[in-house]
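As structure tokens, the structure follows; a few thoughts come after it.
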Amino acid sequence: MIRAKKSLGQNFLISPRIVGAIVDAANLKKGELAIEIGPGKGVLTKALLDAGARVKAIEKDDRLIPVLAESFRDDISRKNLELIHGDILETNIESLATGPESYKVIANIPYYVTGAIVRNFLSAKEKPSEMILMVQKEVADRVIARDGKESILSLSVKVYAKPELIMNVSRGNFFPIPNVDSAVIRLADIHNPFANKKSEENFFEIVRAGFAQKRKKLSSNLSSVREKETVAAAFKKLGMGENTRAEDVPLESWILLSEALLG
Ligand code: SAM
């Protein structure tokens, strides 16, 4: 028996109902490419294949590779499944999604890599059409920002995609039982809103600087990366109050603000 490794975020899904809900949410067309991160023992992989998807699954744990290779021998030989032994954080997204073919990312991801996975796929040259992800419930709440409070995370997602909650998933649906509850989210309508790489980098520079010190006003935070007068002029132009806090600024205003502060 393979013991779950905490360091790899291994909490395996044991609920067929939840697996089914993830696959339903993915709404896969026959033959559509699904990239799965962390197939584990393959519960979700199997459901994706049963739904007619072609799957590329990337798994880091070398102990699981022979198990998966054995369970999915037929799918691998029929080329419905490509099993990749690797670390998603060291994988070039362009090597997974090479052509103009659209694809979806579907994963019960290890929580320690959530931020990096979302960032890497959303900013990739060949972006997925959608991502369906199991994430920590608290992360889902922050991404969706239902309380109206934005964060670097929520803005980094919303600038490229429309996030929505599919369902909350309690911790009892996994083994071993994790310390936190989870949620399935969908990132839909993924697109590139930036005219070029420079404006993309500029947007993230401004957002990161804006949130640098939580207690400070947005204008003071921005004064560490742009001239004070330039910041004041941009605020005036956009009709933003001097005391505005980063978390209260909606995405549309961040986009305008970063354009006004293009470095
Ligand atoms: N998909 C399976 C399920 O739903 O039961 C397993 C989910 S488990 C939360 C996360 C999986 O991701 C594990 O199989 C783990 O080994 C794998 N993993 C962890 N870090 C990884 C990384 N950096 N790259 C690829 N896979 C990783």
Side-chain angles (χ1 to χ4, degrees), residues 9-59 64 68 71-72 74-76 78-84 88 91 93 96-111 113-124 126-137 139-141 143-144 157-158 160-170 173-174 181-192:
Q10 290 181 345
N11 300 99
F12 300 105
L13 257 173
I14 52 168
S15 159
R17 183 178 65 87
I18 306 292
V19 172
I22 295 174
V23 175
D24 285 351
N27 202 8
L28 291 155
K29 290 188 217 67
K30 198 162 169 41
E32 191 170 2
L33 176 60
I35 294 184
E36 188 192 6
I37 302 154
K41 296 176 185 174
V43 275
L44 190 51
T45 322
K46 178 164 185 328
L48 293 170
L49 289 164
D50 288 347
R54 278 188 311 114
V55 182
K56 285 189 188 182
I58 173 161
E59 173 57 58
L64 292 170
L68 289 163
S71 319
F72 292 100
D74 289 349
D75 292 291
I76 293 169
R78 279 194 233 111
K79 301 209 181 311
N80 293 334
L81 171 66
E82 185 184 336
L83 186 59
I84 302 164
I88 190 63
T91 304
I93 308 286
L96 293 174
T98 43
E101 181 188 18
S102 85
Y103 69 99
K104 291 176 177 161
V105 173
I106 297 154
N108 171 15
I109 45 178
Y111 296 151
V113 291
T114 306
I117 288 175
V118 169
R119 211 168 32 247
N120 292 350
F121 276 96
L122 292 184
S123 63
E126 305 291 349
K127 301 183 199 312
S129 59
E130 281 190 7
M131 298 178 83
I132 311 287
L133 305 172
M134 175 83 77
V135 298
Q136 207 170 310
K137 177 161 183 310
V139 171
D141 290 342
V143 167
I144 291 162
V157 170
K158 287 183 188 172
Y160 296 110
K162 196 165 136 281
E164 56 197 41
L165 176 73
I166 303 289
M167 67 196 300
N168 289 322
V169 181
S170 65
N173 290 290
F174 301 88
D181 290 320
S182 297
V184 179
I185 58 171
R186 176 196 281 122
L187 309 185
D189 298 338
I190 298 178
H191 63 285
N192 183 7

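The two residues Leu81 and Phe72 come nearest to each other via the heavy atoms CD2-CB, 3.5 Å. The heavy-atom pair separating Ala25 from Ile132 by the smallest distance is O-CD1, 3.7 Å. Here the closest non-hydrogen pair linking Asn168 and Ala183 is OD1-CB, 3.7 Å. Nearest heavy-atom pair, Ala161 versus His191, reported as atom, atom and distance to 0.1 Å: N-CE1, 4.3 Å. The two residues Leu122 and Val157 have their closest heavy-atom pair at CD1-CA, 3.9 Å. Across all non-hydrogen atoms, the minimal contact from Ala34 to Leu28 is CB-CD2, 4.3 Å.
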For this session: Please test Leu187 against Tyr160 for side chain to side chain contact (heavy atoms under 4.5 Å, CB included), starting from the C-alpha separation and ending with a verdict.
Result: CA-CA 9 Å; Leu187 309 185; Tyr160 296 110; over 6 Å; no

For this session: Show the numbers, then the answer: is there a side chain to side chain contact (heavy atoms under 4.5 Å, CB included) between Thr114 and Gln136?
Result: CA-CA 9 Å; Thr114 306; Gln136 207 170 310; over 6 Å; no

For this session: Could you walk me through whether Glu126 and Ile93 pass side chain to side chain contact (heavy atoms under 4.5 Å, CB included), step by step?
Result: CA-CA 8 Å; Glu126 305 291 349; Ile93 308 286; over 6 Å; no

For this session: Apply side chain to side chain contact (heavy atoms under 4.5 Å, CB included) to Leu133 and Phe121, showing your working.
Result: CA-CA 12 Å; Leu133 305 172; Phe121 276 96; over 6 Å; no

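Side-chain contact between Ile35 and Pro128: absent, with no pair of heavy atoms (C-beta onward) separated by less than 4.5 Å. Side-chain contact check for Leu96 versus Tyr103: every heavy-atom pair is 4.5 Å or farther apart. In this structure, Val55 and Ile106 have side chains that are not in contact, with every pair of non-hydrogen atoms separated by 4.5 Å or more. Counting heavy atoms from C-beta outward, Ile37 and Val113 have side chains that stay 4.5 Å or more apart.
Annotation: the span from Leu68 atom CG to Ile76 atom CD1 amounts to 7.5 Å, rounded to 0.5 Å. Expressed to the nearest 0.5 Å, how far CD1 of Ile185 lies from CD1 of Ile144 amounts to 6.0 Å. Summarising the geometry, atom OH belonging to Tyr111 is positioned 11.5 Å from atom CD1 belonging to Ile117; distances are rounded to the nearest 0.5 Å. Going from atom CE of Met131 over to atom CD1 of Ile190 covers 6.0 Å, rounded to the nearest 0.5 Å. How far CG of Leu165 is from CG of Asp141: 8.0 Å, rounded to the nearest 0.5 Å. Atom OG1 in Thr91 sits 11.5 Å away from atom NZ in Lys56 (nearest 0.5 Å).
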Please table the atom pairs, donor to acceptor, closer than 3.5 Å between any side-chain atom in residues 41-54 and protein atoms at least two apart or in another chain.
residue : atom : partner : partner atom : Å
Thr45   : OG1  : Glu36   : OE1          : 2.7
Lys46   : NZ   : Asp50   : OD2          : 2.8
Arg54   : NE   : Gly31   : O            : 3.4
Arg54   : NH2  : Glu101  : OE1          : 3.3
Arg54   : NH2  : Glu101  : OE2          : 2.3

Anything under 3.5 Å between a donor and an acceptor, one on a side chain of residues 10-21, the other on a protein residue two or more places apart or in another chain? List them.
residue : atom : partner : partner atom : Å
Gln10   : OE1  : Lys5    : N            : 2.7
Gln10   : OE1  : Arg63   : NH2          : 3.4
Gln10   : NE2  : Asp61   : OD2          : 2.9
Asn11   : ND2  : Pro176  : O            : 2.8
Ser15   : OG   : Arg17   : N            : 3.4
Ser15   : OG   : Ile18   : N            : 3.2

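Without hydrogens or angle criteria, Lys104 side chain to Glu32 main chain gives no donor-acceptor distance under 3.5 Å. When atom types are taken as modelled, the side chain of Glu130 and the backbone of Ala188 share no donor-acceptor pair closer than 3.5 angstrom.
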